[in-house]
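All remarks here apply to the structure that follows.
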Amino acid sequence: MTATAGSATSAQEIANAFARQSVVNLTSELHSAIDQALPSLEAQLKGGAGGSAADPTSVRAAIASLQTLRSTPSPTMSVQTKAQKPSGPSSPRTKLSIAAGLIAELVLGIGAAFGAQALDPRLRREEQLRQRYRLPVLARVPREPRPRTDKPLSPVALSPVTLEAYRTLRGTLTARRRAAGADSGMILVTGSSPSEGKTTTAVNLASTLAIAGTRVILIEADLRRPAIGSALNLRAEYGVASVLLESVPLENALVPVPGLDSNLRVLLANYEGGWISELFSLPTTQNLVAEARELADYVILDTPPLADVVDALPLAEQADDVVVVARIGKTHLKKLDQLGELLADNGIKPAGIVLIGTPRPGRSSYGYYLGNRAPEGGREVIRSGAPRGGKRTAF
Ligand SMILES: Nc1ncnc2c1ncn2[C@@H]1O[C@H](COP(=O)(O)OP(=O)(O)OP(=O)(O)O)[C@@H](O)[C@H]1O
Ligand SMILES: [Mg+2]
């Protein structure tokens, strides 16, 4: 028997009182039953049906045993052991409660994560790109294990395998340009969501093109979240707005990057003001593009996620190639679909996808090569055809 109370003493007293009272109740029920039976037996005895007291079945013997029972407590129930005072509270059971709470939270959390993933799935595997889009994967950029910064990663911060991936991207894109009969071009880097690695891709593509001996201008066309200046430790007197709004010659606004190849020069976004989305719609944008093409072999444009902000759309229309950055674990597939539709609506067919965050290749140099090199002279094409399980969108 257990009793629950606010204190150990009360719980002990309740348990003992209950046991005591249960015995009293049962004894009293027994005694009243005997009291009811005795008069009729005594009447039988008076009527001469007593029999011998030695005969256990006689009326006299029955009366004798009932009278004995009547004078004692019920033999069917007694208190054998009294309740002990408990040494500590039995509830709340803090550890158990915390464990149960954590498990419940975990279950709910996992459920919510599955729910979110089902409603708004993210890119998890390259295979999903194959199923949805008819675009080549231009390069697979491995996940850097421990970036020491939340800024875009400059070439000096990247590991050899990741630098190799950007060399692959250079090879793939220059091969495309050569196939179009050109040794130069304007390449715009965009994506569908924030923090996918667009700026890192633009900076490293520009740097690797410069190392290969071509003159490169990197234009920071993300006016809302400019990050190239702080990532490369650059300062400039003039920037995009100076050229577009104040007629500063592009040549005067370009800055070299200390520590990187001198073939690379950068036009930073030094813009503070309203009506951002209109800035690249100004006629002076055409002049900027024309000047940049004259001063460099390759012009690389770093832009915001076009599916979110369309600021750089006029630039995308003028670019020779548009590169879409998608990142495993980050890119939302719906946003990527939206970007595909936006570009298709504006008559833009991207050159392909740069996939960021792929698993790092193994140690063997052979696996290392296979993990990053695209076959067919640097051009790997995701075959078009019937979708395998997924739907195709506008890309
Ligand atoms: N290959 C990589 N492995 C691990 N981290 C990376 C890799 N590439 C970029 N990052 C990190 O991802 C974050 C976003 O990178 P980056 O600024 O280049 O993205 P973004 O798409 O330009 O972002 P935004 O939308 O803000 O312009 C940074 O913290 C950067 O250090
Ligand atoms: Mg960026």
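Given the structure is predicted, the values throughout are model-derived calculations rather than measurements. All ligand and atom numbering here is 1-based and tracks the order in the structure.
The Mg ion (ligand 2) has no N, O or S atom of Ser195 closer than 2.8 Å.
Heavy-atom proximity to Thr149, at under 4.0 Å, picks out these atoms of ligand 1: 29 (O), 31 (O). Atoms of ligand 1 found under 4.0 Å from any heavy atom of Pro147, numbered from 1 in the order shown, are 4 (C), 5 (N). Near Thr199, with a cut-off below 4.0 Å to any heavy atom, the atoms of ligand 1 are 18 (O), 20 (P), 22 (O), 27 (O).
At a heavy-atom distance under 4.0 Å, only side-chain atoms of Val141, from C-beta outward, approach ligand 1. The proximity of Arg225 to ligand 1, defined as any non-hydrogen pair under 4.0 Å, is limited to the side chain. The backbone and the side chain of Pro194 each have at least one atom closer than 4.0 Å to an atom of ligand 1 (non-hydrogen atoms only). Contacts of Thr201 with ligand 1, taken as heavy-atom pairs under 4.0 Å, are absent altogether. Contacts of Pro142 with ligand 1, taken as heavy-atom pairs under 4.0 Å, involve the backbone alone. Residue-level proximity to ligand 1 for Arg327 is carried by the side chain, the only part with a heavy atom below 4.0 angstrom.
Using a 4.5 Å heavy-atom threshold, the side chains of Glu251 and Arg265 count as touching. Looking at Ser192 and Gln338, their side chains never come closer than 4.5 Å, going by heavy atoms from C-beta outward. Side chains of Leu306 and Asp311 form no contact here, defined as non-hydrogen atoms less than 4.5 Å apart. Considering only heavy atoms from C-beta on, Asp302 comes within 4.5 Å of Lys198 through its side chain. Leu301 places none of its side-chain heavy atoms less than 4.5 Å from the side chain of Val189. Within the 4.5 Å cutoff, side-chain heavy atoms of Ser207 are placed close to those of Pro155.
Between Ser195 and ligand 1 there is a heavy-atom distance shorter than 4.0 Å. A heavy-atom separation below 4.0 Å is not found between Ala227 and ligand 1.
Ranking the protein heavy atoms by distance from atom 7 (C) of ligand 1 puts Leu153 CD1, 3.7 Å first. For atom 27 (O) of ligand 1, the nearest protein heavy atom (residue, atom name, distance) is Asp222 OD2, 3.5 Å. Ranking the protein heavy atoms by distance from atom 20 (P) of ligand 1 puts Lys198 N, 3.5 Å first. The protein heavy atom nearest to atom 19 (O) of ligand 1 is Gly197 N, 3.0 Å. Here the heavy atom of the protein found nearest to atom 17 (O) of ligand 1 is Pro152 CG, 3.5 Å. For atom 9 (C) of ligand 1, the nearest protein heavy atom (residue, atom name, distance) is Thr200 OG1, 3.5 Å. Protein heavy atom nearest atom 2 (C) of ligand 1, with residue, atom name and distance: Glu144 N, 3.7 Å.
Of the inter-residue distances, the one linking Gln84 atom CD with Asn16 atom CG reads 8.5 Å to the nearest 0.5 angstrom.
Residue Lys151 places at least one N or O, backbone or side chain, under 3.5 Å from an N or O of ligand 1. Considering backbone and side-chain atoms alike, Thr162 places every N or O at 3.5 Å or more from each N or O of ligand 1.
Residues Ala231 and Ser154 share a closest heavy-atom pair of O-CB, 4.4 Å.
When each of Arg176, Lys349, Arg293 is checked for a salt bridge (charged side-chain N to carboxylate O under 4.0 Å, His left out) with Asp320, only Arg293 meets the rule.
Formation of a donor-acceptor pair under 3.5 Å by the Asn270 side chain with backbone atoms of Gly239 is found in this model.
The number of heavy atoms from other shown groups lying within 6.0 Å of CD (Glu317) is above 12.
Taken together through direct or relayed side-chain contacts under 4.5 Å among Ile, Leu, Val, Met, Phe, Trp and Tyr, Val322 and Val309 form parts of separate hydrophobic clusters.
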